[in-house]
Amino acid sequence: MKLNGRDLAAFLVRPDVRLRGILVHGADDSAVALKREALVRAVAGAAGEGEMRVVRLDPATLRADPAALQDALRARGFFPGPRAVVVADAGDGLAALMGDAIAGAQADDGVLIASAGLLPARSKLRKRFEDAPDAAAVALYADPPGRGEIEAALAAVSLAATPDAVQDLVERAGALDAGALPPLLAQLALYMRGAPAPLSLADIAACAPQTIDADLDAAVAAVAEGRVGAVGTEFGRLADQGVAATTLCIALGRHFRTLHAAAVAPEGAEAALGRARPPVFGPRRDAMLGQIRAWGVGRLERALSLITETDLALRSGGPLPDRALLERAALRIAMQRVGR
């Protein structure tokens, strides 16, 4: 049978004991490896004793000793419980061997978990898993996980979440690398252990990876929100980290251009921010909507004019120190927000 992403997420929460073999394939090697290992944990259990119930075979071993697959599936280990036999980087040359192994499997045999690159519909290996009544194949494509998959992933780590938090994770998943979401969910589960309330937007913001981009956002937000006292602190921190004044000016200009474009959009600011690239979501979107309402189109245009003048001055190589020039412009813009 074929499994889609939602089916796979459901299987990871509650494995179907009737399946004797599962094939996961896709073009993204890291995404395939993550799903393969998630399947191993779902079938055999977490690391530790669970790993003792896992046998890993490589294609070269199976080509040299075809009986090794049947032997591994039927073996009885020291640790009781469900077992998994894992074959990574499988190909069509193993289609007949794996098909026969699944066909002859008994209820108490191990479960075959195979992975491969993206296989075409005519692939012999793919058809063996799709056509077998007690096996399944799932293709992983570049599409980010949907809401159903995120909800299933949250359930897998026993996390309850507010609707806004789920949507925030859906939008983050579209911007993250394939391997970045599972560690974030694991960190959130640890952070929320014992918490009486469900996962919220604030909890996600507290655990989301912090990079230099996050520091840039904090400095730009201080300007856009008119927090005059924080401008020098935030810009000084970035300068001490070696961030160039031109980099800061570019980030400031990008933010204010996004605000201006959303402010003049005929479909409304919220819809415009939803179409922005990179995506704007969660608490940052709410903050930017508040900034748009506070600034208005006229003052945003004056701020953009000052940012452009500053950018040109920074690139001209004039006698003024870059840091002082930028901080002066940032303070003038922040003071416009508070009406000074």
Sequence neighbours left out, what passes side chain to side chain donor-acceptor pair (under 3.5 Å) with Arg126? Give chain and number order.
Glu130

Sequence neighbours excluded, the answer for salt bridge (charged side-chain N to carboxylate O under 4.0 Å, His left out) partners of Asp203 is none

Which other residues end up in the same hydrophobic cluster as Met98, if Ile, Leu, Val, Met, Phe, Trp and Tyr are linked when side-chain heavy atoms come under 4.5 Å apart?
Leu23, Val55, Leu57, Leu62, Leu69, Leu73, Val85, Val87, Leu94, Leu97, Ile102, Leu112, Leu119, Leu125, Phe129

Considering residues at least two apart in sequence or located in another chain, which fulfil the side chain to side chain donor-acceptor pair (under 3.5 Å) criterion with Arg122?
none

Identify, with sequence neighbours excluded, every residue that meets salt bridge (charged side-chain N to carboxylate O under 4.0 Å, His left out) alongside Lys2.
none

Can you name the residues that form a side chain to side chain donor-acceptor pair (under 3.5 Å) with Arg56, not counting sequence neighbours?
Glu37, Glu51

Would you be so kind as to tabulate the donor-acceptor pairs closer than 3.5 Å made by side chains of residues 255-266, with sequence neighbours excluded?
from: His255; atom 1: NE2; to: Gln291; atom 2: OE1; distance (Å): 2.8
from: Thr258; atom 1: OG1; to: Arg254; atom 2: O; distance (Å): 2.9
from: His260; atom 1: NE2; to: Glu301; atom 2: OE2; distance (Å): 3.0

Hits for salt bridge (charged side-chain N to carboxylate O under 4.0 Å, His left out) against Asp164, two or more places apart or cross-chain, chain-then-number order -> none

For residues 78-94, the side-chain hydrogen bond (donor to acceptor under 3.5 Å, both in side chains) pairs (sequence neighbours left out) are Asp92-Ser123

Any ring-ring contact (aromatic ring centres under 6.0 Å, His included) pairs touching residues 20-41, not counting sequence neighbours?
none

Does Pro198 have any side-chain contact (heavy atoms from CB on, under 4.5 Å) partners at least two apart in sequence or in another chain, and if so, which?
Ala160, Thr162

Residues two or more places apart in sequence or in another chain: which of them pass side chain to side chain donor-acceptor pair (under 3.5 Å) with Arg20?
none

